[in-house]
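Note: hydrogens, waters and symmetry copies are ignored here, and every other heavy atom, side chains too, is used. Each chain gets a letter, A, B and so on, in the order its sequence line appears, and its residues count up from 1.
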Amino acid sequence: MASSVKQGFATLKKVHVNKRFSVGLGAQVPEAYRKFWAEWMERQPAAVHYIPNEGRFKRNQKTGEVVPIQNVHIPLKRVVEENFGIWGGEAVIQGFKKPEMKHRKPCFWVPTLKRSAVRSEVLNEFFSVTLTDRTITLIHEHHGFDHYLLKSPACDLRSVLALKIKRKILIDLLNGCPAWDHNKTRQDEVKKEFSQYLEQYTPEEIEWYGLTYAEALAKTQKMIKEANPIVPHKQIFREKLIEQLKQAGLEEVTGEKAADEESSWLKKLNPFSKKKEF
Amino acid sequence: MLRSIFKSGINSISTHLLTSNNAVTQQVRTTFILRRKYPLELHKKNQKPRKLRGKHFNYVLVEDTNRTVKPDIEVVLKQFIHGVGKKGEIVKVRPNFAYNELLLTDKAAYATPENIEKYKLKEGEESQEEKYSSPYAQRTVNMLQNRVFAIVMNKEQPWVIEPWHVRASLRKCGYHILSDDAIELPQEKITGPDLQKQNKEFIVTVTINKMEKAKVRCRIHHWSTNPSDRLPYVYEHWLQDTEPLFPSEQKSNESSS
């Protein structure tokens with residue numbers, strides 16, 4: 001009963017506290033992952049589905065009134081399907097259409113998807129993925145798929161697939177492009193072209209980049225387990241005993257044995273021996 | 001029982017839906033730029049925006065970016081491509097063509113200063129384009145060779161086929177040959193009118209840019225100014241097989257092809 005009743009500060013107001021990185025295993029996730037999480041989930045993505053107003057203030061031409069310009073973004077829905085494609089920052093929008101003098105109608109605005117291929121220079125590989133026209137436009141603007149992924153922040157990539165490919169590219173760059181081992185001249189060119197992007201990250205950040213929350217927790221759990229391995233008490237006590245015996249030396253061991261023999265009348269009693277029947 | 005029927009019914013419907021490819025039932029999906037129909041009230045400085053209410057989710061379509069024409073992009077060619085350009089050339093092409101045909105197939109690169117320098121044609125380099133007069137010549141050759149041209153001749157007056165007859169017939173089909181020197185007729189003279197030669201095929205060689213040679217298939221057709229004397233119309237006559245005017249010519253063609 002008492003657990004269901006709100007107590008303290010929470011009684012005054014509805015307070016939503018995000019306990020993702022404050023409670024339990026989440027509290028032990030390293031700072032490198034929290035930095036990535038902030039880039040992915042907390043940072044405001046670029047305006048794709050609306051045109052933001054520029055400037056700080058605007059004047060009403062009729063009244064002369066000056067009002068500040070405030071751009072409030074249009075909320076985007078996170079759907080499962082976007083994680084299996086690269087939509088270039090586009091997303092599903094839920095809202096209403098409201099014709100004049102009519103009731104509003106619910107509507108979902110969904111991006112136009114098409115299946116096409118993308119080519120990664122660093123990985124030396126083609127991927128068949130679902131794309132939008134915006135993705136291809138962005139690839140053209142950045143002069144290549146790798147440049148597009150490496151230049152865009154995680155909040156603009158949105159999808160798990162794009163972040164996974166970006167993570168793989170970063171790890172490959174850190175290891176010196178093993179995909180081009182068969183062609184050393186091309187390997188040097190690729191290294192020279194893309195090494196600039198490694199300056200933004202430390203090796204630890206790359207290790208934690210592009211992981212989902214569940215994967216990050218699993219990785220943390222694994223690290224904790226490896227740092228503190230569980231050893232059976234039997235082994236610990238046996239080692240302790242052996243050390244004690246070594247320190248004590250042979251003489252004492254023999255001495256104990258003699259003492260045991262003197263006061264060993266109790267041992268002669270066997271409680272499990274068969275009792276004589278009277 | 002009912003459940004099983006219901007289940008099977010659902011399955012059948014779902015399979016039908018999956019296989020049907022009806023354009024009317026397909027959902028049209030495009031990318032949208034929206035704006036709020038009722039703008040949000042101003043919030044205080046350095047504070048969170050106000051809570052969104054139902055009316056703030058009424059959106060108006062501003063622009064559909066899928067409908068707008070995307071500009072051409074510039075690419076540097078890594079090799080000679082028919083109908084596009086030479087190696088090292090900077091060409092402006094449609095973005096989808098550039099992506100699907102040139103960039104994904106590694107025939108071109110984006111026109112950055114480094115790429116332009118890298119793929120520039122070096123002096124003394126043996127280039128493939130020397131074999132061609134221009135990137136578009138082969139395309140013209142293909143277009144000429146994939147068609148059959150009718151050489152329309154008079155049914156009453158005597159004639160001998162000359163290059164300008166061929167030039168006029170090709171011009172009717174939209175192929176403008178600027179000089180008669182480019183047209184090479186067969187060795188033997190073709191004279192008429194002779195209804196034995198009606199719809200028989202012969203080969204004319206057209207030289208493009210004084211370099212590429214196209215073998216153009218021509219068929220003789222007899223024409224009269226008097227409508228009652230004209231030959232009956234044959235439906236899609238260019239698709240039908242005919243005999244060659246010179247049997248030796250056909251044999252050499254078959255052996256070459």
Peer 1: Would you say that more than 12 heavy atoms from the other residues, nucleotides or ligands in this model lie under 6.0 Å from the NZ of K58(A), or not?
Peer 2: no
Peer 1: Would you indicate whether the side-chain heavy atoms of L40(B) and Q70(A) approach each other to under 4.5 Å?
Peer 2: no
Peer 1: I'd like to know whether T137(A) forms a side chain to side chain contact (heavy atoms under 4.5 Å, CB included) with K70(B), so could you lay out the CA-CA distance, the side-chain angles of the two residues, the decisive distance to 0.1 Å, and finally the verdict.
Peer 2: CA-CA 9 Å; T137(A) 314; K70(B) 283 159 193 98; 4.1 Å; yes
Peer 1: Taking atom CD of E41(B) as the centre, report whether more than 12 heavy atoms of other residues, nucleotides or ligands fall under 6.0 Å from it.
Peer 2: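 Result for CD/E41(B): enclosed.
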Peer 1: The test is side chain to side chain contact (heavy atoms under 4.5 Å, CB included); show your working for Y110(B) and H140(A) and say whether it passes.
Peer 2: CA-CA 8 Å; Y110(B) 291 101; H140(A) 289 328; 3.0 Å; yes
Peer 1: Below 4.5 Å from any heavy atom of chain B, which atoms of P106(A) appear? Answer side chain, backbone, both or neither.
Peer 2: neither
Peer 1: Is it the case that over 12 heavy atoms from other parts of the model lie below 6.0 angstrom from the NZ atom of K92(B)?
Peer 2: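 At most 12 heavy atoms, drawn from other residues, nucleotides or ligands, come within 6.0 Å of this atom.
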Peer 1: Answer yes or no: are there more than 12 heavy-atom neighbours, outside L178(B) itself, under 6.0 Å from its atom CG?
Peer 2: no
Peer 1: Which region of F126(A), side chain (C-beta onward) or backbone (N, CA, C, O), has a non-hydrogen atom less than 4.5 Å from a non-hydrogen atom of chain B, or is it both or neither?
Peer 2: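 F126(A) touches chain B through side-chain heavy atoms alone.
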Peer 1: Count the heavy-atom pairs under 4.5 Å between each of V48(A), D133(A), I74(A) and chain B, then report the option with the highest count.
Peer 2: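 Of V48(A), D133(A), I74(A), I74(A) has the most heavy-atom pairs under 4.5 Å with chain B.
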Peer 1: Verify the neighbour count for atom NZ of K114(A): are there more than 12 heavy atoms of other residues, nucleotides or ligands below 6.0 Å?
Peer 2: yes
Peer 1: Minimum heavy-atom separation for R36(B) to V72(A), with atom names?
Peer 2: NH1-O, 3.1 Å
Peer 1: Counting only heavy atoms not in M41(A) (residues, nucleotides, ligands), do more than 12 fall under 6.0 Å from its CE?
Peer 2: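 Check passes, neighbour count above 12.
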Peer 1: Is there a side-chain contact between Y99(B) and V118(A) (heavy atoms, below 4.5 Å)?
Peer 2: yes
Peer 1: Could you tell me which portion of P95(B) (side chain, backbone, both or neither) has an atom closer than 4.5 angstrom to a non-hydrogen atom of chain A?
Peer 2: both
Peer 1: Quick one: CZ on R119(A) to CG on L103(B), what's the gap to the nearest 0.5 Å?
Peer 2: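 Between R119(A) CZ and L103(B) CG, I get 10.0 Å after rounding to 0.5 Å.
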Peer 1: Please classify the contact between R104(A) and chain B as side chain, backbone, both or neither, with a heavy-atom cut-off of under 4.5 Å.
Peer 2: side chain
Peer 1: Could you grab the distance from atom CG of N58(B) to atom NZ of K97(A), nearest 0.5 Å is fine?
Peer 2: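 Going from the CG atom of N58(B) to the NZ atom of K97(A) covers 12.5 Å.
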Peer 1: Of the backbone (N, CA, C, O) and the side chain (C-beta and beyond), which part of I93(A) lies under 4.5 Å from a heavy atom of chain B, both, or neither?
Peer 2: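 It is the side chain, since no backbone atom gets that close.
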Peer 1: Could you look at K45(B) and say if it's the side chain, the backbone, both or neither that has a heavy atom under 4.5 Å from chain A?
Peer 2: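 Contact with chain A is absent: no heavy atom of K45(B) under 4.5 Å.
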Peer 1: Given that the side chain runs from C-beta out, which part of R50(B) has a heavy atom under 4.5 Å from chain A: side chain, backbone, both or neither?
Peer 2: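 Neither part.
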Peer 1: What part of T132(A) is in contact with chain B, defined as an atom under 4.5 angstrom from a non-hydrogen atom: side chain, backbone, both or neither?
Peer 2: neither
Peer 1: Starting at CD1 of I73(B), measure out to CD of E141(A) and round the result to the nearest 0.5 Å.
Peer 2: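 Atom-to-atom, I73(B):CD1 and E141(A):CD are 10.5 Å apart.
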Peer 1: Run the side chain to side chain donor-acceptor pair (under 3.5 Å) test against N83(A) and tell me which residues pass, sequence neighbours left out.
Peer 2: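 With sequence neighbours excluded, N83(A) shows a side chain to side chain donor-acceptor pair (under 3.5 Å) to no residue whatsoever.
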Peer 1: Taking atom OH of Y233(B) as the centre, does the number of heavy atoms from other residues, nucleotides or ligands within less than 6.0 Å exceed 12?
Peer 2: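 Atom OH in Y233(B) is packed in, count exceeds 12.
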Peer 1: Among A47(A), S116(A), P75(A), which residue forms the greatest number of heavy-atom pairs with chain B at distances under 4.5 Å?
Peer 2: P75(A)
Peer 1: I'd like to know whether CD of E100(A) has more than 12 heavy-atom contacts from other residues, nucleotides or ligands below 6.0 angstrom.
Peer 2: no
Peer 1: If you count heavy-atom pairs within less than 4.5 Å of chain A, which of H43(B), R35(B), K37(B) leads?
Peer 2: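 Most heavy-atom pairs within the cutoff with chain A belong to H43(B).
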Peer 1: Which heavy atom of Q94(A) sits nearest a heavy atom of F57(B), and at what distance?
Peer 2: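 That would be O-CD2, 3.9 Å.
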Peer 1: To the closest 0.5 Å, what do you measure between NE2 (H143(A)) and CG (N115(B))?
Peer 2: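 Reported to 0.5 Å precision, the distance equals 9.0 Å.
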Peer 1: Need one label for K48(B): side chain, backbone, both or neither, based on atoms under 4.5 Å from any heavy atom in chain A.
Peer 2: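 Answer is neither: K48(B) stays 4.5 Å or more from chain A.
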Peer 1: Could you check whether any side-chain heavy atom of C107(A) comes within less than 4.5 Å of a side-chain heavy atom of Y59(B), counting everything from C-beta outward?
Peer 2: no
Peer 1: Less than 4.5 Å to any heavy atom of chain A: does that hold for the side chain of L104(B), its backbone, both, or neither?
Peer 2: both
Peer 1: Considering only heavy atoms, which portion of H142(A) lies under 4.5 Å from any heavy atom of chain B: side chain, backbone, both, or neither?
Peer 2: neither
Peer 1: So which residues of residues 177-199 of chain A are in contact with chain B at a heavy-atom cut-off of under 4.5 Å?
Peer 2: R186(A), E189(A)
